[in-house]
Amino acid sequence: MDINNQIVVVTGGANGIGRALCEKFAAAGARVAVVDLDMDSATRVAAEIDGIALAADVGVEADIQSLVKATEEQLGPIDIFVSNAGVSYSDAPGWMAASAANEHWMSSWNINVMAHVFAARAVVPSMIKRGGGYLVNVASGASLLCQIGDAAYSTTKTAAVGFAESLAITHGDHNIKVSVVCPLYVATAMTEGGRGV
């Protein structure tokens, strides 16, 4: 796939997998919007790859709509939207599958699943009008084989795969391509005890 001069959005783009994606897309000639809650880090990454930095909480639909608008105003119509941002908590201290706090379940649901829904709502209609586009949804190996110790993560990442399959089935005839990335354990802030990627 030739992505030279393509407009690419990467959420969770300031660190870990997202940062690596931003760097690779830019090296291939894409114009990249680095999206993250950590605006300082996003700005550094954007400066290194000659991209733009945008702050957003991807679990909030209005933030997704705003970042899409800002990207289109600054770079142009979005060709590839990479929903990479994610969160992970833990079933500790009780180590029961349902022991995580409700707010952790809801945060996991909003960021690990609804962010993909919000992104699709924001970009698919214009992609269809332009003749196509590409959605890349980052899930996890935990969506294929549940991860012990974080039921909310495994559950929501599994749901993210299901939504991506629905997108692909529904919009394949519109030339909307959908890929799901399911990485196994990767040394990121999330796996080192942080909550986000």
Side-chain angles (χ1 to χ4, degrees), residues 9-22 35-38 42 55-68 80-124 133-172 176-197:
V9 171
V10 180
T11 68
N15 299 287
I17 294 170
R19 179 182 181 131
L21 288 168
C22 290
V35 180
D36 209 284
L37 278 175
D38 180 355
D57 178 345
V58 298
V60 176
E61 187 166 14
D63 279 20
I64 295 277
Q65 293 169 345
S66 293
L67 78 85
V68 167
I80 303 170
F81 194 106
V82 183
S83 291
N84 168 69
V87 292
S88 175
Y89 297 97
S90 168
D91 292 333
W95 297 109
M96 291 173 38
S99 65
N102 285 349
E103 58 265 26
H104 290 172
W105 275 92
M106 293 314 299
S107 175
S108 297
W109 185 257
N110 289 335
I111 295 169
N112 295 345
V113 181
M114 293 309 295
H116 301 295
V117 176
F118 300 153
R121 284 181 186 161
V123 299
V124 167
Y134 209 124
L135 301 174
V136 180
N137 292 354
V138 178
S140 169
S143 66
L144 307 174
L145 181 63
C146 287
Q147 174 176 304
I148 296 171
D150 194 339
Y153 183 76
S154 294
T155 300
T156 54
K157 290 297 189 174
T158 300
V161 171
F163 179 64
E165 290 177 346
S166 294
L167 280 173
I169 292 166
T170 304
H171 298 293
I176 304 297
K177 310 292 187 214
V178 183
S179 291
V180 181
V181 182
C182 296
L184 295 174
Y185 185 93
V186 177
T188 65
M190 180 187 294
T191 59
E192 293 170 4
R195 284 189 293 242
V197 289

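Everything numeric in this text was worked out from a predicted model, so none of it was measured. Just so it is clear, the values below take in all heavy atoms, side chains as well, and ignore hydrogens, waters and symmetry mates.
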Could you grab the distance from atom [atom1] of [X] to atom [atom2] of [Y], nearest 0.5 Å is fine?
X: Ser83; Y: Asn112; atom1: OG; atom2: CG; result: 11.0 Å
X: Phe118; Y: Ile111; atom1: CZ; atom2: CD1; result: 10.5 Å
X: Met114; Y: Ser108; atom1: CE; atom2: OG; result: 14.0 Å
X: Leu67; Y: Asp57; atom1: CG; atom2: CG; result: 11.0 Å

State, to 0.1 Å, how close [X] and [Y] come at their nearest heavy-atom pair, and which atoms those are.
X: Phe163; Y: Ala120; answer: CZ-CB, 4.0 Å
X: Tyr89; Y: Ser107; answer: OH-OG, 2.8 Å
X: Ile17; Y: Pro183; answer: CD1-CG, 3.9 Å
X: Ala159; Y: Trp109; answer: CB-CZ3, 3.9 Å
X: Ala139; Y: Lys157; answer: O-NZ, 3.6 Å
X: Ala56; Y: Val35; answer: CB-CG1, 3.7 Å

- Between Leu135 and Val124, does a side-chain contact (heavy atoms from CB on, under 4.5 Å) hold up when you go through it step by step? CA-CA 9 Å; Leu135 301 174; Val124 167; 3.8 Å; yes

Backbone N or O of [Y] within a donor-acceptor pair of the [X] side chain at under 3.5 Å?
X: Ser140; Y: Cys182; answer: no
X: Thr11; Y: Ala85; answer: yes
X: Asn84; Y: Val10; answer: no

Mind checking what makes side chain to side chain contact (heavy atoms under 4.5 Å, CB included) contact with [X], not counting sequence neighbours?
X: Ala14; answer: Asp36, Ser41, Ala42
X: Ser154; answer: Ala142, Cys146, Gln147
X: Ala55; answer: Met39

- Test log, rule side-chain contact (heavy atoms from CB on, under 4.5 Å), inputs Asp63 and Val58: CA-CA 6 Å; Asp63 279 20; Val58 298; over 6 Å; no

- Message: Using side-chain heavy atoms (C-beta onward) and a distance below 4.5 Å, is Thr155 in contact with Trp105?
- Response: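 Side-chain contact under 4.5 Å: yes.
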
- Task: Tell me yes or no: between the side chains of Tyr134 and Ser179, is some donor less than 3.5 Å from an acceptor?
- Result: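 Result is yes, a qualifying pair exists.
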
- Query: Are Leu167 and Asn137 close enough, and set up right, to give a side-chain contact (heavy atoms from CB on, under 4.5 Å), and what steps lead you there?
  - Reply: CA-CA 11 Å; Leu167 280 173; Asn137 292 354; 4.1 Å; yes

- Message: Apply side-chain contact (heavy atoms from CB on, under 4.5 Å) to residues Val68 and Val9 and explain how you reach the verdict.
- Response: CA-CA 8 Å; Val68 167; Val9 171; over 6 Å; no

